[in-house]
2 protein chains.
Amino acid sequence: MAHGGKHPPMKGIRQLAEHLDISIGTVSRALNGKPDVNEETRKRVLAAAEQLGYVANQSGRSLRQGTTNVIGLMIQSSKETVENSDNFFLTVTGGLQSVFARHNLDLIMLPCPNDEDPYEYLKRMVARRIVDALIISETQRIDKRFDLLAKAKIPFAALGRSLSIGQHPWADLDFDGVVNCAVDRLVALGHRRIAISAPSSDINLGFIFVEGYRRALERHGIDFEPALVIRAKSSEQGGYQVADELLRLEERPTAVILIYELMAIGLYRRLMEAGIIPGRDIAVVGFREAPRAKFLQPPLTCFRTSVHDLGVELAEILLSSMPAYSHIYPKTKRQMIWPLQLVPGESDSFHLKVE
Amino acid sequence: MAHGGKHPPMKGIRQLAEHLDISIGTVSRALNGKPDVNEETRKRVLAAAEQLGYVANQSGRSLRQGTTNVIGLMIQSSKETVENSDNFFLTVTGGLQSVFARHNLDLIMLPCPNDEDPYEYLKRMVARRIVDALIISETQRIDKRFDLLAKAKIPFAALGRSLSIGQHPWADLDFDGVVNCAVDRLVALGHRRIAISAPSSDINLGFIFVEGYRRALERHGIDFEPALVIRAKSSEQGGYQVADELLRLEERPTAVILIYELMAIGLYRRLMEAGIIPGRDIAVVGFREAPRAKFLQPPLTCFRTSVHDLGVELAEILLSSMPAYSHIYPKTKRQMIWPLQLVPGESDSFHLKVE
DNA sequence: CATAGGATCGTAAACGTTTACGGAATGCGT
DNA sequence: ACGCATTCCGTAAACGTTTACGATCCTATG
């Protein structure tokens with residue numbers, strides 16, 4: 001705890017240089033670890049900087065070297081996102097930062113206001129050059145932002161796939177693997193009529209999830225029934241709606257796959273209201289483990305992964321595409337699908353065997 | 001959609017000026033709405049800027065005028081926060097932005113890595129002068145950050161109270177009102193032994209909540225029993241623990257107040273395991289309404305508020321303390337307690353009357 | 001007509017930093 | 001003693017913008 005208090009206010013590197021009676025250039029070199037400086041004077045400079053609490057002004061530095069040492073993570077605080085994600089982004093952020101910190105890169109989150117077009121918002125942020133690189137999330141199936149970023153020649157990576165992504169770097173959860181595993185498991189338990197919930201197919205996730213589902217059924221020789229695909233929001237409310245739809249079907253499915261774990265709360269509720277017990281009368285598999293999954297009754301069968309580590313991977317993918325860091329993170333993996341593991345609960349292991 | 005494509009890459013205001021054959025100073029004045037410029041040339045400049053996609057470089061501007069037009073919201077991605085808050089901050093962010101947008105202020109989120117001391121992190125951010133003003137959240141009961149910000153003379157406001165806050169601006173939820181209302185209601189229903197859950201009293205919230213609880217009991221002539229204060233994490237797991245503790249008590253309380261709605265999930269679960277039905281055998285009141293509260297069985301009695309509007313208030317409080325905006329937002333309210341309303345569920349309206 | 005003054009614009013300095021360049025001092029070999 | 005390489009440091013230019021100041025032109029007023 002050796003920073004100042006009784007010292008004159010630190011105005012900039014100039015005062016620091018005067019205080020040390022060294023030229024301003026040498027001070028800068030000393031602070032930045034440049035070679036042309038005596039090891040002893042470097043020590044003096046660093047000590048003085050620490051003592052006077054000097055930190056380089058970011059604007060000056062950025063202006064000169066055209067770099068900000070800041071990475072932006074763009075998120076959208078849409079109503080959907082707010083209701084739906086259980087701090088997914090905060091967890092990813094932790095992983096990202098653990099990598100960025102090693103290079104003195106700071107991560108900031110850029111929340112796009114929900115009354116502003118994400119494309120326009122991003123354009124503004126890019127133009128202001130407040131960040132060196134960007135991570136965009138909540139990718140749409142067709143997402144103009146990729147073109148924008150490519151044209152602006154600003155390094156970026158995406159959290160989530162998109163049709164527009166081309167050869168650009170991204171990382172995403174293995175939705176395909178999840179739905180495959182879920183279907184396999186349910187089929188092994190004797191199910192043939194398996195419903196699935198998914199968001200609108202505009203969202204890339206909605207498309208991928210259902211496609212995986214279709215192929216998985218095909219693999220088992222089960223016909224794909226469009227009526228069993230239920231589009232709903234990824235929230236408790238959405239889960240309630242899904243159950244509603246299920247109950248409306250003339251021939252009720254014996255199993256349902258939820259794309260978001262929170263939905264189980266609403267789904268359970270609606271099923272209970274109808275006297276249907278999850279895990280006994282109908283099998284439920286949820287996607288993505290959350291703390292509350294194991295507190296549901298019956299505990300939800302779902303899929304676990306380390307979102308933090310996904311952030312680590314994504315950070316490395318991004319850095320590997322930044323000229324200044326690409327020598328550290330070789331460009332081997334530029335696109336990655338992040339695996340999840342099944343966590344068996346009791347929501348799908350019911351005693352009633354189908355027919 | 002009139003921005004460039006076939007134009008030469010926009011390097012800066014200088015190119016724009018050459019393209020228009022106007023001096024660089026005039027262009028700047030035109031863009032910034034300064035008075036000394038002919039209305040017609042201003043139009044020309046604005047049109048050309050739009051067409052060529054010119055946006056002022058933030059570093060240059062910041063360096064010159066010592067202002068960034070960016071407001072920072074510091075959050076902490078601690079494990080506790082991640083498990084606990086259901087996108088509370090994203091919602092607040094929406095309210096903040098709706099105000100900031102009116103003044104061309106951008107909001108960025110500064111997530112403090114969980115392996116870094118929040119104080120040091122903040123110090124770094126302040127020194128780098130990446131933001132004009134700051135909002136800090138998750139205030140501790142004793143929080144050195146207030147001194148830091150005051151000394152740095154950077155405008156700030158706090159989301160959450162603190163002992164260290166002095167006359168600084170803040171906004172906070174009305175925890176006191178909530179616990180008062182909850183106790184009143186439970187007492188009116190005939191309860192005398194009311195338990196309460198709260199986080200550690202290091203967290204300011206933990207202290208305030210329990211103090212309000214103590215005073216409310218006093219008002220009703222009920223003795224304060226330390227054993228009925230259960231410290232637990234604000235998560236499903238925490239709720240489970242609370243129920244555990246309740247069951248361990250020799251004389252079981254007839255009601256319990258939860259400080260966080262999510263805890264109800266774990267609490268319900270543990271109670272059910274013990275054959276105790278919430279709403280019939282024990283009354284439960286939760287704090288802060290969340291989408292899932294109404295999907296619990298029985299629906300949770302809890303407290304509702306517009307977190308978005310809280311953000312609006314907080315933004316205005318902050319701006320009123322910034323010299324550049326204090327003429328717009330008069331300094332009437334610098335500290336504000338945000339009210340909540342009771343949303344009756346069925347978790348406390350049980351038929352069994354106490355003795 | 002002379003001039004005051006307003007309207008509009010150009011010029012150049014400043015913001016704080018990094019870095020290319022050159023200079024001084026030193027060490028070493030001949 | 002001389003040349004040369006090495007080590008260290010100071011000087012100054014550059015990054016893109018804003019803005020104080022002064023210059024110019026025009027109009028109105030005496």
Side-chain angles (χ1 to χ4, degrees), chain A residues 8-46 48-49 52-70 104 124 126-132 324, chain B residues 8-46 48-49 52-70 104 124 126-132 324:
Chain A
M10 179 57 31
K11 291 288 293 187
I13 201 175
R14 168 160 283 113
Q15 331 298 327
L16 185 55
E18 286 176 3
H19 176 261
L20 285 165
D21 207 41
I22 306 185
S23 96
I24 177 177
T26 305
V27 173
S28 173
R29 280 192 297 267
L31 289 174
N32 294 24
K34 292 299 167 65
D36 275 4
V37 48
N38 187 325
E39 217 34 62
E40 184 165 353
T41 55
R42 187 193 302 276
K43 284 219 178 72
R44 276 180 57 214
V45 172
L46 288 176
L52 277 77
Y54 169 79
V55 179
N57 176 299
Q58 188 59 42
S59 301
R61 175 192 298 233
S62 303
L63 182 56
R64 169 59 215 237
Q65 54 186 20
T67 192
T68 64
N69 281 358
V70 176
N104 284 332
R124 230 175 61 223
V126 166
R128 289 179 69 169
R129 307 206 168 265
I130 208 176
V131 294
D132 288 344
Chain B
M10 181 57 31
K11 292 287 294 185
I13 201 175
R14 167 159 284 113
Q15 331 297 328
L16 184 56
E18 287 176 1
H19 177 261
L20 285 165
D21 207 42
I22 306 185
S23 96
I24 176 177
T26 305
V27 173
S28 173
R29 280 191 297 267
L31 290 173
N32 295 21
K34 292 298 166 66
D36 275 3
V37 48
N38 188 326
E39 217 34 61
E40 184 164 352
T41 56
R42 187 193 301 279
K43 285 221 178 73
R44 276 181 57 215
V45 172
L46 288 175
L52 277 78
Y54 168 80
V55 179
N57 176 300
Q58 188 59 42
S59 301
R61 174 192 300 232
S62 304
L63 182 57
R64 170 60 215 238
Q65 56 185 19
T67 193
T68 64
N69 281 359
V70 176
N104 283 332
R124 229 175 62 225
V126 166
R128 289 179 69 171
R129 311 209 163 263
I130 209 175
V131 295
D132 287 344

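All values below were derived from every heavy atom in this structure, side-chain atoms included, with hydrogens, water molecules and symmetry-related copies excluded. Residue numbering restarts at 1 for every chain, and letters A, B, ... go by the order of the sequence lines.
In this structure, A/Lys34 does not reach the C/dT18 phosphate: none of its side-chain N or O atoms is under 4.0 Å from OP1 or OP2. For A/Asn32, a side-chain nitrogen or oxygen approaches OP1 or OP2 of C/dT18 to under 4.0 Å. Distances shown here put a side-chain N or O of B/Tyr54 below 4.0 Å from the OP1 or OP2 atom of D/dT17. Distances shown here put every side-chain N or O of B/Gln65 at or beyond 4.0 Å from the OP1 or OP2 atom of C/dC15. Between B/Arg61 and D/dT18, a side-chain N or O to OP1/OP2 separation shorter than 4.0 Å is present. Residue A/Ser28 has a polar side-chain atom (N or O) positioned under 4.0 Å from OP1 or OP2 of C/dT18.
Here the side chain of A/Arg29 is nearest to one of C/dA20, C/dT17, D/dT19, namely C/dA20. Closest to the A/Thr41 side chain, of the nucleotides C/dT17, C/dC9, D/dC9, is D/dC9.
Taking atom CD1 of B/Ile13 as the reference point, atom P of C/dT11 lies 14 Å away to the nearest angstrom. Remark: C1' of D/dG16 and CG of B/Leu16 are 13 Å apart, rounded to the nearest angstrom. For the pair B/Lys43 NZ and C/dT8 C1', the computed distance is 16 Å after rounding to whole Å. Rounded to whole Å, the distance from CG on B/Leu31 to P on D/dG16 is 16 Å. In this structure, B/Arg14 places its CZ atom 14 Å from P of C/dG10, rounding to the nearest Å. Distance, B/Asn69 CG to D/dT18 C1': 13 Å, rounded to whole Å. Per the geometry, CD belonging to A/Gln58 stands 16 Å off P belonging to D/dG16, to the nearest Å.
Each of B/Ser59 and B/Thr26 lies near DNA chain D, and the nucleotide nearest B/Ser59 is the one positioned closer to the 5' end.
A/Ser62 comes within 4.0 angstrom of nothing in the nucleic acid, heavy atoms only. Contacts of A/Ile24 with the nucleic acid, taken as non-hydrogen atoms under 4.0 Å apart, include base atoms. Here B/Asp36 lies in heavy-atom contact (under 4.0 Å) with a base.
Side chain B/Arg129 to base C/dG16: no donor-acceptor pair is found below 3.5 Å. No N or O donor and acceptor, one from the side chain of B/Arg64 and one from the base of C/dG16, sit under 3.5 Å apart.
Between A/Glu39 and A/Arg42 there is a salt bridge, with a side-chain nitrogen of the basic residue lying less than 4.0 Å from a carboxylate oxygen of the acidic one.
You'll find the side chain of B/Leu46 reaches within 4.5 Å of the side chain of B/Leu31, heavy atoms only.
Of the residues listed (B/Ile13, B/Thr68, B/Asn69, B/Thr67), the one engaging B/Arg61 in a side chain to side chain contact (heavy atoms under 4.5 Å, CB included) is B/Asn69, and it is the only one. Among A/Leu20, A/Thr26, A/Val27, the single residue meeting the side chain to side chain contact (heavy atoms under 4.5 Å, CB included) criterion with A/Ser23 is A/Thr26.
A distance-only check finds no donor-acceptor pair linking the side chain of B/Asn32 to the backbone of B/Lys34 [under 3.5 Å].
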